[in-house]
Amino acid sequence: METRNLFAEAQKIIPGGVNSPVRAFRAVGGTPRFIREAAGSKIIDTEGREYIDYVASWGPMILGHSHPDVVAAIREAAGRGTSYGAPTEIEIEMARRIVDAFPSVEMVRMVSSGTEAAMTAIRLARGFTGRDRIIKFAGCYHGHADSLLVKAGSGVATLGIPGSPGIPPQLAELTITLPFNDSDAVQNAVARYGDELACIIVEPIAGNMGVVPPRPGFLETLRAATHQSGSLLIFDEVITGFRLAYGGWQNLAGLIPDLTCLGKIIGGGLPVGALGGRREIMETLAPTGPVYQAGTLSGNPIALSAGIATLDILRGKPYPALDAMASRLCSGMADLFRKKGLPFQINRIGSMFTLFFTAEEVVDFTTASRSDTERFARFFQGMLEAGIYLAPAQFEAGFLSFAHTGEDIARTLAACEKALKTL
Ligand SMILES: *Cc1c(COP(=O)(O)O)cnc(C)c1O
């Protein structure tokens with residue numbers, strides 16, 4: 001069926017026609033493409049149009065779509081049953097891989113989404129410290145749990161809503177939101193609320209206001225401030241886990257958070273999340289401790305098979321080559337924008353990048369918000385028309401996969417040159 005008709009049908013029985021808001025193309029206009037299938041770096045819609053994909057299912061598909069080894073692992077696991085609600089050996093295998101890859105992680109609890117991982121992390125931090133307040137950063141997204149959906153970037157920013165009805169103010173009040181990259185604000189808040197503070201949660205590389213790297217010293221300030229106040233430091237590496245290296249940003253930065261949230265890549269495209277950290281904290285979780293958390297499908301054997309297959313392939317993959325491919329794409333786009341004389345910023349770390357339509361350096365949510373979102377929307381439509389599938393909103397990261405080729409980059413740059421003519 002045609003995309004237009006499918007979208008009309010979907011809107012009759014699914015709110016907004018989508019099961020996750022940013023898929024609805026609200027920020028860019030037009031009709032979202034309904035995807036029929038995907039392989040490697042390409043996705044194909046129901047009308048047979050092919051696109052070079054830089055969304056990568058919002059991060060998980062770092063090996064590209066339908067990697068044959070991952071598909072085989074899923075098939076093989078499905079043949080042995082899809083869920084048992086009892087422990088399995090594969091859960092130990094997954095936990096071992098995460099513990100081996102993350103120096104800060106001694107124990108792991110598997111869940112079914114990044115939202116659950118972050119929600120559990122703050123519950124655990126509150127239960128462990130006996131304190132209620134948390135600090136998060138404007139523009140950082142940690143899933144849609146009540147306490148974390150305050151100035152939460154990504155889809156919330158795209159729709160222009162500060163928070164969400166349905167979250168009691170009494171709960172939202174316990175969330176202190178500070179500007180990303182503002183070490184002074186952190187020190188002031190910790191001085192004021194220190195002994196009430198359960199945790200600071202942060203995306204160590206922000207990806208949900210568009211890509212914004214931490215300034216030198218910012219994450220170190222968080223580490224020192226949490227140590228000093230007896231609160232926990234939570235790194236939400238749902239995007240950055242296995243995206244920039246085999247392991248997380250914490251490995252590259254040489255930092256040891258108390259808790260780490262994972263998701264996306266570790267599920268190989270299936271619904272998976274994980275929470276890990278120091279033994280004494282993790283053992284506060286039920287059944288060893290009093291902080292309750294559970295899940296019917298947690299540690300699901302098919303999802304973990306896809307995740308383990310993905311991690312085992314990633315272990316041998318040349319991340320620097322992936323970074324180089326992303327660098328080629330971004331410097332090519334920068335050249336084209338410069339030639340055209342349009343204001344822009346490209347923030348890139350490894351294979352994640354955002355092209356902001358602003359002249360000013362983007363260091364936090366305020367500077368990201370100054371981007372010209374209308375111009376972004378026109379650019380997005382031009383790229384889509386030319387067969388390039390970018391995230392349909394300014395405040396998102398783009399992702400390359402190991403399946404992207406030099407030819408993909410060349411075609412993307414040619415499309416960019418064409419799209420720029422319409423701006
Ligand atoms: C995607 C994301 C989440 C939420 O993960 P879901 O699987 O969508 O629930 C949490 N934190 C970060 C940093 C994310 O990018």
Side-chain angles (χ1 to χ4, degrees), residues 18-23 54-62 102 109-125 134 136-158 164 175 177 180 199-214 219 222 233-244 248-250 257 259-276 293 295 297-300 303-304 306-307 310 347 349-354 365 368 391 393 395-399:
V18 293
N19 281 311
S20 198
V22 74
R23 295 178 197 168
Y54 292 101
V55 176
S57 187
W58 305 90
M61 311 316 300
I62 191 170
F102 286 81
R109 171 65 53 89
M110 299 306 301
V111 293
S112 298
S113 68
T115 292
E116 265 185 275
M119 177 186 80
T120 305
I122 57 165
R123 181 180 305 147
L124 184 53
I134 68 171
K136 78 175 284 289
F137 296 93
C140 283
Y141 178 68
H142 306 290
H144 59 91
D146 285 354
S147 293
L148 293 168
L149 205 57
V150 181
K151 298 202 176 118
S154 192
V156 192
T158 297
S164 171
T175 303
T177 308
F180 190 73
C199 63
I200 298 182
I201 185 166
V202 67
E203 292 178 70
I205 305 278
N208 286 290
M209 51 183 127
V211 172
V212 179
L219 297 174
L222 305 188
L233 178 60
I234 304 173
F235 273 7
D236 181 347
E237 299 227 42
V238 169
I239 287 180
T240 50
F242 300 98
R243 165 55 60 187
L244 306 164
W249 180 252
Q250 59 191 267
L259 291 171
T260 297
C261 305
L262 296 171
K264 300 200 166 118
I265 287 173
I266 64 161
L270 272 77
V272 173
L275 167 70
Q293 183 278 332
L297 295 177
S298 292
N300 175 266
L304 294 201
T310 298
N347 284 1
I349 299 278
S351 57
M352 51 193 282
F353 67 94
T354 300
F365 187 60
F395 309 114
E396 302 290 351
F399 298 103

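Just the heavy atoms: all of them, side chains too, but no hydrogens, waters or symmetry mates, feed the values below. In each ligand, atom 1 is the first atom listed, and ligand 1 is the first ligand listed.
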Residues in side chain to side chain donor-acceptor pair (under 3.5 Å) contact with E203, at least two apart in sequence or another chain: N208
Show the protein residues that qualify under the rule heavy atom under 4.0 Å from an atom of ligand 1, listing them in chain and number order. S113, G114, T115, Y141, H142, G143, E203, N208, D236, V238, I239, K264
Taking only residues two or more places apart in sequence or in another chain, which ones pass side-chain contact (heavy atoms from CB on, under 4.5 Å) with S351? R243, L322, L400
Distance-only, no hydrogens or angles: does the E237 side chain make a donor-acceptor pair with backbone N or O of Q250 under 3.5 Å? yes
Sorted by chain and residue number, the side-chain contact (heavy atoms from CB on, under 4.5 Å) partners of A117 (sequence neighbours excluded) come out as V111, C261
Testing the basics here: between V55 and F399, what is the closest heavy-atom pair and its distance to 0.1 Å? O-CD1, 3.5 Å
Just by distance, no angles: are the side chains of R109 and Q293 close enough, under 3.5 Å, to form a donor-acceptor pair? yes
